[in-house]
Amino acid sequence: MPVVADILIPLALDTAYSYAVPAGLDLAEGDIVQVPLGPRETIGVVWGLDERASGGNLRPVTGRVEAPPLSDALRKLVDWLARYTLAPKGSALAMALRLPDETARNEAPRIGVRTSGKPPARQTAARSKVMAAAADGAVRGKSALAKEAGVSLSVVDGLIDDGALETVALMPEPVALPPDPDHPRVPLSDAQADAAHALIGNAPSPTEVAAGETILLEGVTGSGKTEVYFEAVAECVRRGRQALVLMPEIALTAQFLDRFAGRFGVRPATWHSGVGGKRRERLRAGVAAGEVSVVVGARSALFLPFRNLGLIVVDEEHETAYKQEDGVHYHARDMAVVRGKIEGCPVVLASATPSIESRVNAQSGRYRHVALPGRFGGRPLPDIAAIDMRLDKPERGRFLSPPMVNAVKATLAAGDQALLFLNRRGYAPLTLCRACGHRYQCRNCSTWLVEHRFRRALVCHQCGYAERKPEACTECGAFDHLTPCGPGVERIAEEVTALFPEQRIVVLSSDFPGGAERLRQELETVAAGDCDIVIGTQLVAKGHNFPHLTLVGVLDADIGLTSGDPRAAERTFQLLQQVTGRAGRGERPGRALVQTYQPEHPVIAALLSGDADRFYEEEIWAREAAGLPPFGRLAALIVSAEEREKAEAHGQALARVADPPAGVSVLGPAEAPLALVRGRWRFRLLVKTERGIDVQSYLRDWLARGPKPRGNLKVAIDVDPQSFL
DNA sequence: AGCACGCCGACT
DNA sequence: GTCGGCGTGCTC
């Protein structure tokens with residue numbers, strides 16, 4: 001009987017296609033093969049094999065591709081992912097296959113140099129430095145040699161032309177050197193050692209290290225969580241297995257890689273969108289061969305073909321950046337847990353401010369909970385106090401209340417650094433005409449236009465629409481009546497400059513002039529202490545450590561509490577907890593002052609009490625009462641199109657056929673259902689279901705009954721604990 | 001993802 | 001009369 005292979009092709013196809021296996025071709029599941037598809041040849045993966053009586057009219061498999069087959073574990077992951085996210089199976093496969101990128105530029109061949117034995121024709125001071133450095137005759141990289149000799153590259157090039165140095169082709173740089181789990185390190189504190197022990201256990205064999213178990217590692221900022229999970233990574237490496245550390249892309253900084261190097265002697269292999277071309281392929285190959293033992297990467301690293309995965313760590317597990325919002329909509333933290341189950345390896349979720357769902361899973365016993373109670377080295381957590389803005393009003397037109405100003409003064413007098421946090425970019429969130437009352441609103445969205453004084457523009461933070469700030473009111477024509485209402489960081493900077501004219505002040509937001517690179521430099525400057533007052537948006541809440549910072553002033557803790565997002569409380573608490581936790585991480589203790597109009601609000605009260613458990617208890621209770629995740633599910637149909645009208649019309653048409661069964665409610669378009677994301681308008685239809693309902697089937701059915709998306713209009717399904725906004 | 005097929009506008 | 005725009009549909 002002829003052998004038939006079901007081949008899954010990495011395209012947006014939901015089913016595998018059947019092909020005849022030619023006699024003599026011995027295939028196994030997972031093999032990568034070439035198959036004809038229409039007029040061309042494509043690559044695919046053997047998803048199933050069986051003998052069938054009929055099937056003689058199938059096209060034959062062209063042949064096997066010389067590449068390591070896709071492991072059972074990865075195929076299971078692809079199946080699981082496609083089923084859960086409702087993405088076509090082929091699209092899920094594409095993420096695990098990521099074919100060698102033809103367009104990727106080839107790596108420049110590396111050239112090494114060594115002394116040829118011939119002295120330079122002409123000797124100069126710079127040249128003799130180079131010759132001295134190269135005197136041992138060893139092969140070095142050109143730039144390494146130049147650096148060692150303390151001269152520029154052109155001197156080395158000159159000596160090559162001269163013939164005093166000869167060039168040798170070098171093997172390409174290894175993707176990663178092996179990390180040393182027993183590299184000398186700073187001793188752990190007792191609390192850290194206990195936590196590390198809880199992650200590793202004293203199991204004699206790797207399989208006993210909590211196979212397939214998920215552990216929530218919770219520790220306040222500065223508690224040294226990283227060092228704790230490094231121990232788990234070290235133990236994993238000692239046992240000859242591979243470890244994957246997932247991080248939000250923005251957290252993959254040189255600072256973190258250096259910390260890793262401090263523990264393991266070398267920097268880890270890294271995987272993120274910036275790693276391209278040959279290097280990407282070599283890293284994949286190294287991972288597949290089991291030669292690369294530790295990978296630190298962004299969410300896509302989850303689909304690397306590990307041969308022998310022994311541990312997954314998801315750092316900052318609460319981060320929203322783990323959510324992929326285009327193509328296949330998935331949450332990398334959850335997929336990490338799934339992969340851990342499939343591979344039979346433990347998964348560590350680390351965070352100072354875990355997501356509600358992870359806390360609930362820890363409480364219910366689905367995850368093990370390991371907590372680090374205090375900061376490393378016995379350093380105190382910052383004192384947090386509220387400034388009730390109803391009692392301590394700022395002067396008219398000002399936004400810093402007198403106690404806040406005094407606290408900044410005292411901090412500066414002590415020679416320390418202060419951070420004023422306001423999560424609002426620009427100058428003023430609203431512009432109003434005092435003559436006619438007109439409020440400047442986005443023509444696309446329902447949001448106010450934010451004044452950016454530096455750019456002299458009114459900007460929509462929702463869709464990016466911008467217009468020049470008018471001289472006179474565009475409605476009534478009155479001059480000098482346009483009034484900015486409320487503060488953004490630019491306006492705070494103006495106020496702070498007036499209050500502290502002598503101090504070095506810096507504003508850090510994503511609008512930072514000069515782009516990401518300049519911003520990075522500026523963060524270094526702040527970390528070094530070459531700045532007195534930092535005014536920043538959420539950008540300063542994470543990442544860089546500022547050792548000189550002893551005061552964090554939150555200027556408006558109430559922002560975000562009324563956004564309509566069911567996760568508003570959680571997000572606000574996480575953000576405020578993180579930003580206040582930045583104070584006092586250096587030598588001197590820190591404190592935080594929080595300006596608020598509602599100190600009794602549960603989120604603010606919990607923050608002030610310094611008792612995070614209190615927040616989680618209350619929020620979990622509130623979620624349960626409201627049937628919100630993780631006690632029910634939120635899912636969304638996301639309609640996207642280039643034209644706003646198209647997206648909206650299709651969304652409304654879908655809404656009309658919703659017809660939800662018992663236990664499912666369509667919350668309809670939220671307050672601002674339209675958002676412009678990378679040039680496409682998105683319209684979201686939000687669905688809430690009770691626990692235990694098969695949302696996937698319902699959404700699929702809903703889509704089938706609705707109008708077919710036409711043109712370049714697309715409908716995506718988002719089933720996830722974080723599918724809202 | 002490609003690639004063809006098809007149905008409407010401005011050109012040798 | 002055709003060249004070509006891209007919207008639509010199919011590929012075992």
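We name chains A, B, ... by the order of the sequence lines, and we start the count at 1 in each one.
- The distance between atom CD of A/Glu643 and atom C1' of C/dC6, rounded to the nearest whole Å, is 13 Å.
- A side-chain donor-acceptor contact under 3.5 Å links A/Glu467 and A/Tyr465.
- Whole-Å rounding puts the A/Ile7 CD1 to C/dC12 C1' distance at 10 Å.
- Between the CD1 atom of A/Ile43 and the C1' atom of B/dA1 there is a distance of 14 Å, given to the nearest Å.
- Atom CG in A/Asp50 sits about 13 Å away from atom C1' in C/dC12, given to the nearest Å.
- Listed nucleotides C/dC12, B/dC3, B/dA1 differ in distance to A/Tyr19; the shortest reach to its side chain belongs to C/dC12.
- Going from atom CZ of A/Arg59 over to atom P of C/dT11 covers 11 Å, rounded to whole Å.
- Spacing between atom NZ of A/Lys646 and atom P of C/dC6 amounts to 13 Å, rounded to whole angstrom units.
- The two residues A/Ala716 and A/His329 make their nearest non-hydrogen contact at CB-NE2, 3.5 Å.
- The closest side-chain donor-acceptor pair between A/Trp47 and A/Asp79 falls under 3.5 angstrom.
- Distance, A/Leu13 CG to B/dA1 C1': 9 Å, rounded to whole Å.
- Side-chain contact annotation: A/Ser640 with A/Trp681, donor-acceptor N/O pair under 3.5 Å absent.
- One can place CZ of A/Arg40 at 15 Å from P of C/dC10, the figure rounded to the nearest angstrom.
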